[in-house]
Amino acid sequence: MTLTPVLTAHWDEADSHTIGGYRRHGGYEQVARGFELGPDALIQMVKDSGLRGRGGAGFPTGMKWGFVPQGDGKPHYLVVNADESEPGACKDIPLMLANPHALVEGCILTSYAIRANWAFIYVRGEVPHVHRRLRAAVREAYAAGYLGRNIMGSGFDLELVVHAGAGAYICGEETALLDSLEGRRGQPRLKPPFPAVAGLYASPTVVNNVETIANVPYIVRNGAEWLTQWGTEKSPGFKLMSVSGHVRRPGVYEVALGTTMRQLLEYAGGMRHGGEPKFWLPGGSSVPMLTAEHLDLPLTYEDMAAAGTMLGTATPMVFDDTVSVVKAITRWLDFYKHESCGKCTPCREGTGWIAGTLHRFEAGQGTEAELGMLEELCAQIMGRSFCALGDAAATPFPAALTHFRSEWLAATHTPADQAFDPVAATVLAAGATR
Amino acid sequence: MTSPTPAPGTVTTPPPPGPPPEATERAPAVPADHVAASIDGVDVVVPKGTLIIRAAEQLGIEIPRFCDHPLLDPVAACRACLVEIEGQPKPQPACAVPVGDGMKVRTAQTSPMARTAQRGVLEFLLINHPLDCPVCDKGGECPLQNQAMSHGPGESRFILPKRTFPKPVALSTQVLLDRERCVSCARCTRFADEIAGDPFISLQQRGGRQIVGISDDTPFNSYFSGNTVQICPVGALTSAAYRFRSRPFDLVSVPTTCEHCASGCALRTDVRRSTVMRRLAWDDPDVNAEWNCDKGRFAFPYLQRDRLDAPLVRGAADGAGAHVAVSWPEATRTAAAALAEAGPRTVVLTGGRLTLEDAYAYAKFARVALGTDSIDFRHRATSAEEADLLRTVVAGCGLGVTYADLDVAPTVLLVGFEPEEESPIVFLRLRAAVRRGGTQVVTVAPFASPGAAKLHARVLGAAPGQEPGVLAALAQPGPDGGADRPDLSAAGSVILLGERAAQVPGLISQAVALAGSTGARLAWVPRRAGERGALEAGALPGLLPWGRPLGDPDARAQVATAWGVDPAALPTEPGLDLAGFLAAVAQDEADAAAHAAAPDAGDGAEAQLPARRVAAVVLAGVEAADAPDPEAFLAALGAVPFVLSLETRTTEVTALADVVLPVGVVTEKSGTFLDWEGRARPFGQVLRESTAITDARALALVARAMGRPLGSIEVADLRAELAGLGRWQGPRPAAAPVAAPVPPAPGPGQAVLATWRHLLDQGRLQAGEEALAGTARPAVARTSPATAAALGLVDGGPVTVAGAHGAVTLPLVVTAMVDDVVWVPGNSAGSRVGVDLRAGAGDVVRLTPAVRSDEPGGAP
């Protein structure tokens, strides 16, 4: 397997983010093609391609579009989830910086397919440079006649709005995102009704990830079959994978699904000190961790699930043996505690309790009984919370205990900073390559 | 605290132990639109859409819950109600998932998954809870306490520091929040948003710091805020009125009826050692559901304030001089002597607050003991047109339009009626109907009041006096063919006529005509709790109990038989109403003045002073300030030779009385209020040890001293007598329609006065509840932008509204409303229309920009 530069093909060009740079490589030619095909054929094409959502859950994209009721007399909406906030995930933001017009063209095609005349890109508010780039791209697209009234004489109207969130992890949850977009406090909604039936402003809405939508123009250009040349039957296509942590060349790698972590590590230049990772997470902090013994598993939705974890956003975080598992898990739980929206009891109360208890272990003050309690507390959240945020918060600890039990037992008497030199894990450490 | 209303459904009992019978034999017949399922192995058939938690309630299966409330939309936030549904990998919230056909549900009773989930949630809920139950108002009646005991793990493993907050936070002067007790169930915020339409509170912050709050400049001044205290499943919300006052297990609870308005709310009154400690909304699905307004909940300190404890008579032998306390026999003898002399020249004014039984005693006392028909319960702006309406289509008609009819009415037209201010449960029911989507509310008013806005009401703008014209236009096909007009001809439509309709001549006639031409049903909604009952009791000239026309010999005979008197002894001619009383006293005074001024004829024969038309007046709980012209009313009382006042406390009226008889308040007696529907709302005696005398008993004592005993004295006997009489089945006189005069036309610098009362204002029964008063709406004047501009008035600036006899100065709120009208509240601090202006709705007043006293030089 090799790198599969599609979305990233021209990122090294100085004007890749402009409409000129995008059009130079065939950009926006798919709009007319889409109008020729018609909405139903577009939906069918995406169904046939097997494209799965790139936001983490991997839901089949064409099927999601197909859920939108047609001819219901209500306005339809496309909402692009650009609230990339998962710890470790950094693939949508570079994509929007370097190739925003693929997203805009994808929005046009998708909106046309689901018969939406309004589309929104909900981008996290902490990245103003991305927000500026997107707005500039949308401005260019309007000026070029790809957005607005009667696009290219087709009779199709589309208004595309770039909306900045205010920095809440929960607003990456699609229904909380919709509430936030409507001007409310971002908290998840009771489902059903699902967004496809009653989403934004209680109207049928498709919520898709940035990368998912950016795939669409390329599928339209090359056909559904084209995507299936990569990946597996259940995980077709290519994927932006952002590798971070103790590797020599962290960054975004566009590879076929099914690439193994070992191959990805090679692209990233290997571990900074050589050797193998102590632990790694295939898709952000919300998926169970794996160890060196899992490096040869294909990075697909199904293989990761079989290994007891999830592909998630496919943004591996890699850690070498300078890192305290206890400390890493504690940081993540601090994050979930901070980001818990407060709506449901298990997540609101459980994240704080777990984080507080983890801090005892980090300080070398935990007890063996508390390890069992932590497992139970995670079980009391997992599957009981209102949305997936609680599940995510309950995920890191159990796998960490399974793989590194002795380290947790050591944390009943030795503070993490004594067991692991905190400087050694950083770039300040002697011999660090970054 | 909440007692859920079970949806209709059927329950089958579990099969007896032993081999299960063949499935085909016991397949239950499932009615259309129903689903069959099982919960913990017990079969249940419920209507489609029934939530699992409601179905479990029908089976008596207890599922803990905090955020769930049967009258609020599901939110599934607390997760205490998780159950296992066969085929689902994760436990599901029973409060949000409807029962599906064939669904197999297992609660914590039978499912380890559900049990661990529930115990986990209850453990989580308690980790940051202060467990200050011994000092918490909710302790002893707390769903968290109870469910933690019944379903929780019992012991906590939590050893970290708990979350704490400074306490309490005042969401309003009345509702206080102890943040550390809150479990974020969002019942209060959902109530405020969904039910009351006052989303002044919301959840703020996130995660563990999430808390209920208000925005800085907008306190939780909702007329219904007290309900949030009642439905709070923990002690997070408390009322200033009850906080730290008593423990639930020290209270004796009595089901009662609210005495504040004609909505007829079921209440629960809680008493400790002969003192009312609090009142709660009680559950009556037909009337108030589980809600009430803050006036009904908090305005009860008056029950125990400034009470009269002994009868009073004038000290000096000539009947003048200061009041002195005397015995009941002496007081009743004094009253009896004076009333026996005055006889039919006595007028009885009963006010609007009596129970049905007490009002009936007055009606009977007037006819039997005094031999007069001069009795009027309406102590407010009234008209003969209104009396006609009451006699012809309201009295004796039983249960008319009901709350349930409002729930399904396609169109509801409000005439002279602001439900939120004047009958809050009508408002809540209408709001629920509007929210369900099937009902359109239309109001004839000068502007969209806050209540009308919350009903999404269509406003047909009308200045006082113009309303009959608006209704007439509704009855006529318009130039557009009527497509845009509210459709009152849709079956089930209702016209709600407020008591203020009587202030506009011709309006009631026009409303009756509109009802006739469209087929809409008409209902009369008085403001006071006792008005409908007094009407049915016959406390109106020309009307005997249950709608019997005084002029009908059969009606008189029926009443005479029930009362055990000679039919010939009953008066046959209609007596004086409130207006007639005032006119008669004025004539008496004019006669006396003329007589005093008449020059001596010189023949030694002094001209005979004609007999006074009004020789005595009997008053029951009448507040001078409620009269259309309070000053004139008090002057009239001063002119009447003998005044008997039956009161609970000293007032301006008792100060003018020759004899004052202290009577009991609602907690000291049993009785019945009839709500606006005509529905009987009986209540028991709260303070059982009270020795207070009821109005009926006091009247009976006077009547006996007059030698004309009334018979029944006890509430039960009066009830039985009323029930025995039954509703009038005979012919009714027809009402004579009144033509509407030309509406007033204000000149330059003038406007037509529009006014109604705020729910929370200077009302006498609200006295002594400062925290409640703090949530009242401020008194402001309103005019349209054009009117303000024409008169040089600025938004927010002070404006002086002047009538012939006085003026009020209020801040102006420029409002989208009809031109040439000024609206001010009727009885609020700084704006008591009757007392301060001696004017009423429809009167022309002068408007001038006021000069602030703190602005020397008077720069505008």
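We name chains A, B, ... by the order of the sequence lines, and we start the count at 1 in each one. These figures come from a predicted structure and were not determined experimentally.
- In this structure, SG in C185(B) is found 12.5 Å from NZ in K343(A), a value given to the nearest 0.5 Å.
- Side-chain atoms of D391(A) and K90(B), non-hydrogen and from C-beta on, do get closer than 4.5 Å to each other.
- Residues G342(A) and S184(B) share a closest heavy-atom pair of O-CB, 4.2 Å.
- Per-residue heavy-atom pair counts under 4.5 Å with chain B were compared for P192(A), P346(A), P188(A), G356(A), and the maximum is reached by P346(A).
- Side-chain contact between R163(B) and E349(A): present, with at least one pair of heavy atoms (C-beta onward) separated by less than 4.5 Å.
- Within a 6.0 Å sphere centred on NZ of K191(A), heavy atoms belonging to other residues, nucleotides or ligands number more than 12.
- When side chains are defined from C-beta on, H338(A) counts as touching R206(B), because their heavy atoms get closer than 4.5 Å.
- At a 4.5 Å heavy-atom cutoff, the contact between E339(A) and chain B is made by backbone and side-chain atoms alike.
- There is no contact between A369(A) and chain B, counting heavy-atom distances below 4.5 Å.
- With a 4.5 Å cut-off on non-hydrogen atoms, L160(B) touches chain A through its side chain but not through its backbone.
- Applying the 6.0 Å contact sphere to NZ of K337(A) captures no more than 12 heavy atoms from other residues, nucleotides or ligands.
- The line from CZ of R119(B) to CD of E376(A) is 10.5 Å long, rounded to the nearest 0.5 Å.
- Summarising the geometry of G383(A) relative to P91(B), their closest heavy-atom pair is O-CD, 3.8 Å, with the distance given to 0.1 Å.
- For Q92(B), no part sits under 4.5 Å from any heavy atom of chain A, backbone or side chain.
- Using a 4.5 Å cut-off between heavy atoms, H359(A) makes no contact with chain B at all.
- If you measure heavy-atom distances from P74(B) to chain A, the contacts under 4.5 Å come from both the backbone and the side chain.
- Taken from CD1 in I159(B) to CZ in R360(A), the straight-line distance is 3.5 Å, to the nearest 0.5 Å.
- Of the listed residues V183(B), V97(B), T116(B), I211(B), the one with more heavy-atom pairs under 4.5 angstrom with chain A than any other is V183(B).
- By the 6.0 Å contact criterion, CD on Q88(B) is enclosed, its count of non-hydrogen atoms from other residues, nucleotides or ligands being greater than 12.
- One finds the OG1 atom of T345(A) at 10.0 Å from the CD1 atom of I127(B) (value rounded to the nearest 0.5 Å).
- With a 4.5 Å cut-off on non-hydrogen atoms, L203(B) touches chain A through its backbone and its side chain both.
- Counting only distance, with no hydrogens or angles, the side chain of R185(A) and the backbone of Q205(B) share a donor-acceptor pair below 3.5 Å.
- Two residues are said to be in side-chain contact when any heavy atoms from C-beta on lie closer than 4.5 Å; Q187(A) and Q210(B) meet this criterion.
- Using a 3.5 Å distance cut-off with no hydrogens or angles, the side chains of Q380(A) and R79(B) do not pair a donor with an acceptor.
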request  = Please lay out, stage by stage, how L377(A) and F124(B) fare under the test side chain to side chain contact (heavy atoms under 4.5 Å, CB included).
outcome  = CA-CA 9 Å; L377(A) 294 183; F124(B) 281 144; 3.9 Å; yes
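- For S385(A), the part lying near chain B is the backbone, with the side chain staying farther off; criterion is any non-hydrogen pair under 4.5 Å.
- Here the CH2-OG distance, from W353(A) to S156(B), works out to 5.0 Å after rounding to the nearest 0.5 Å.
- Contacts of R384(A) with chain B are made by both backbone and side-chain atoms, with heavy-atom separations under 4.5 Å.
- Note: R184(A) CZ to S202(B) OG = 12.0 Å, rounded to the nearest 0.5 Å.
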